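Some notes on the structure that comes next.
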Amino acid sequence: MALKALDIFKLLPKTNCKKCGCPTCLAFAMKLAQKQASLDQCPDVSEASKVELAGASAPPIRLVTIGTGPNKLEIGNETVMFRHEESFYHPAGIGVLVSDTLEGDALKVKLEKIRKIRFTRVGIEMHATVVGVVNTSGTAEPFAKAVQAVAALDIPMVLMSTQAAHLDKVLASCADKKPLIHAATAATLDAFIVLAKTHNCPLAVTAPDLEALVPLCEKARAAGLQDLVLDVTSGTVAGTLQTLTAVRRLALKKNMRVLGYPCLVTNRTVDPMVAVAECSMLVAKYAGIVLADLDQPEQLMPVLTVNQNLYTDPRKPIQVEAKLNAIGAVTPESPLLITTNFSLTYYTVAGEVEASRVPAYIGVLDTEGTSVLTAFSSDKLTSEKIAAFINSDEVKSKVSHRKVIIPGYIAVMSGGLKDDSGWTVLVGPREASGISKFLKTTWANA
Ligand code: SF4
């Protein structure tokens, strides 16, 4: 289990010398506990403490990397059972299964779908982050061809075969992409360990239940493998959820290092909408990779959205940069709208402005990621703040008029803002959906 700040503090020199950049040893201990600092920042920590801290502060669930380069997938290294306790850190890999029985055009169409399904939500692009290539044919040649075609997508791969020889053949040409080898069983573990060590790739291990899985993990660890992934897919989604929860609990609460690895699950439910619901549940509790046959936009989007929402830090609302943004071919005469830096608010406003086809500036105020009404009621969006922004050099250098549009929800501040800024204040619509009409009528006649 991760050490608490006070436990770490007891092992520090307690001289408060500030060499680590923190005002006190306790402050440094708190940063270490939150994984915001590293032990080597304290030059005076004793060797004995280093050994103790390094062992005890190792993450309870190992961070495993699949793939390489900017698209690599990092899973694991989670520290809590529930997101509200702290945060979840490494989003699950959401992947599409590709069978090696697909050939020619059918395979091309499938891969093109995977490549094209992309969504941008609150400014972040979402897409499948892993592909499972399945050796359904049971033969080596089609598997090699499918892997070669999938590798061109430059998305991390899970190579799924029961045959070590087939995997060895494809790994000879793609091991440098660090695919996940899937999956060693009690019968194949020895051969798969050799594969993983020879090709230096992470290995998935699977067994009918946790009791049977533990000795396999022990053996793989004893053989020197560090990057393991546990495939805990069971016959029912309820059974899979139970095992996922048990693994997370045993790793975090019982410090069971042998199960301290991210988990993979495969969902093969035929009804696509049921599959979407099940995959979303699996993301929530606590899959590191979810592989399914979801290759339609309407199927992938809900699962990706759940994944994105769960893996944001609940202590920090998703924010955009506070600055003056231009939408469309703006001129100094273009309207200037004010909003907050809460991502959902900003992108809703920006989307409506874009749809209106009226080029406009959006002035984004730093409200610590809160929405308009929340920011207003907590004094994070005040007339003084807006006045300072619209009279700043940033705005003056781009906007030649002195008319500002504020959200309808803060109409009550219009008088104060006029006095504070000297600008004409136009009260915009309450809801973003009214922006287009407002720009084309009220603004056009202002
Ligand atoms: Fe304490 Fe080490 Fe930081 Fe000095 S450098 S304040 S001894 S933690």
Side-chain angles (χ1 to χ4, degrees), residues 1-66 68-70 72-92 202 217 221 224-229 247-263 286 288 310-322 341 343 366-370 378 380:
M1 194 180 300
L3 282 183
K4 293 201 164 61
L6 271 180
D7 301 320
I8 297 171
F9 173 67
K10 286 177 195 159
L11 296 166
L12 294 176
K14 303 190 201 68
T15 57
N16 297 333
C17 72
K18 302 187 178 60
K19 287 182 211 163
C20 58
C22 295
T24 61
C25 292
L26 182 59
F28 181 63
M30 290 169 76
K31 278 197 163 187
L32 269 182
Q34 291 165 358
K35 297 186 171 34
Q36 291 170 355
S38 67
L39 192 55
D40 55 16
Q41 287 171 247
C42 171
D44 300 329
V45 69
S46 70
E47 287 306 313
S49 294
K50 267 186 200 166
V51 171
E52 199 164 335
L53 282 170
S57 63
I61 298 175
R62 186 173 172 82
L63 182 71
V64 175
T65 303
I66 297 158
T68 56
K72 71 184 176 194
L73 174 66
E74 292 185 322
I75 50 172
N77 203 12
E78 302 300 339
T79 53
V80 290
M81 292 295 296
F82 304 105
R83 177 177 172 268
H84 63 262
E85 291 175 324
E86 190 178 294
S87 178
F88 292 164
Y89 290 99
H90 294 94
C217 296
R221 282 159 60 94
L225 291 186
Q226 295 189 321
D227 290 331
L228 300 179
V229 173
V247 169
R248 173 70 69 102
R249 191 168 286 282
L250 288 166
L252 294 188
K253 302 294 180 192
K254 302 292 179 191
N255 200 21
M256 205 166 161
R257 294 265 174 208
V258 72
L259 291 177
Y261 299 96
C263 293
Y286 293 96
L310 272 173
Y311 284 87
T312 54
D313 190 337
R315 299 162 298 182
K316 295 181 203 154
I318 317 176
Q319 302 176 24
V320 295
E321 193 182 345
N341 71 334
S343 283
D366 181 1
T367 58
E368 297 170 28
T370 52
S378 57
K380 291 182 179 123

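Counting starts at 1 for both ligands and their atoms, following the listed order. Note that the structure is predicted; figures quoted are calculated from it, not measured.
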- Going by heavy atoms in the side chains, are E85 and T79 under 4.5 Å from each other? no

- Task: Would you check if L26 and L6 make a side-chain contact, meaning some heavy-atom pair closer than 4.5 Å?
- Result: yes

- Query: Hey, is there an N, O or S on C25 sitting under 2.8 Å from atom 1 (Fe) of ligand 1?
  - Reply: yes

- Task: Determine yes or no for a side-chain-to-main-chain donor-acceptor pair under 3.5 angstrom, with N341 supplying the side chain and G369 the backbone.
- Result: yes

- Query: Taking heavy atoms and a distance under 4.0 Å, where does V45 meet ligand 1: side chain, backbone, both or neither?
  - Reply: neither

- Query: What part of K14 sits under 4.0 Å from ligand 1 if we count only heavy atoms: the side chain, the backbone, both or neither?
  - Reply: neither

- Query: Is the distance from atom 2 (Fe) of ligand 1 to some N, O or S atom of C22 under 2.8 Å?
  - Reply: no

- Message: Please list the nearest protein heavy atom to atom 8 (S) of ligand 1 with its residue and the distance rounded to 0.1 Å.
- Response: F28 CD2, 3.4 Å

- Query: Between F88 and Y286, how do the two ring planes meet: parallel, tilted or perpendicular, split at 30° and 60°?
  - Reply: perpendicular

- Message: Can a donor-acceptor pair be found, under 3.5 Å and without considering hydrogens, that links the side chain of R248 to the backbone of K253?
- Response: no

- Within a strict 4.5 Å, meaning less than it, do heavy atoms of the V45 and L11 side chains meet? no

- Give the residue, atom name and distance (to 0.1 Å) of the protein heavy atom nearest atom 5 (S) of ligand 1. C20 N, 3.3 Å

- Task: Under 4.0 Å from a heavy atom of K18: give me the atoms of ligand 1 that qualify, with their elements.
- Result: 4 (Fe), 6 (S)

- Note on the structure: If you scan protein heavy atoms around atom 2 (Fe) of ligand 1, the nearest is C42 SG, 2.4 Å

- Under 4.0 angstrom from ligand 1, any heavy atom of T15? yes

- Query: Looking at P13, which atoms of ligand 1 are within less than 4.0 Å of one of its heavy atoms?
  - Reply: 7 (S)

- Would a 4.5 Å heavy-atom cut-off, applied to side chains only, mark L310 and R83 as touching? yes

- Message: Closer than 2.8 Å to atom 4 (Fe) of ligand 1: does that hold for any N, O or S atom in C17?
- Response: yes

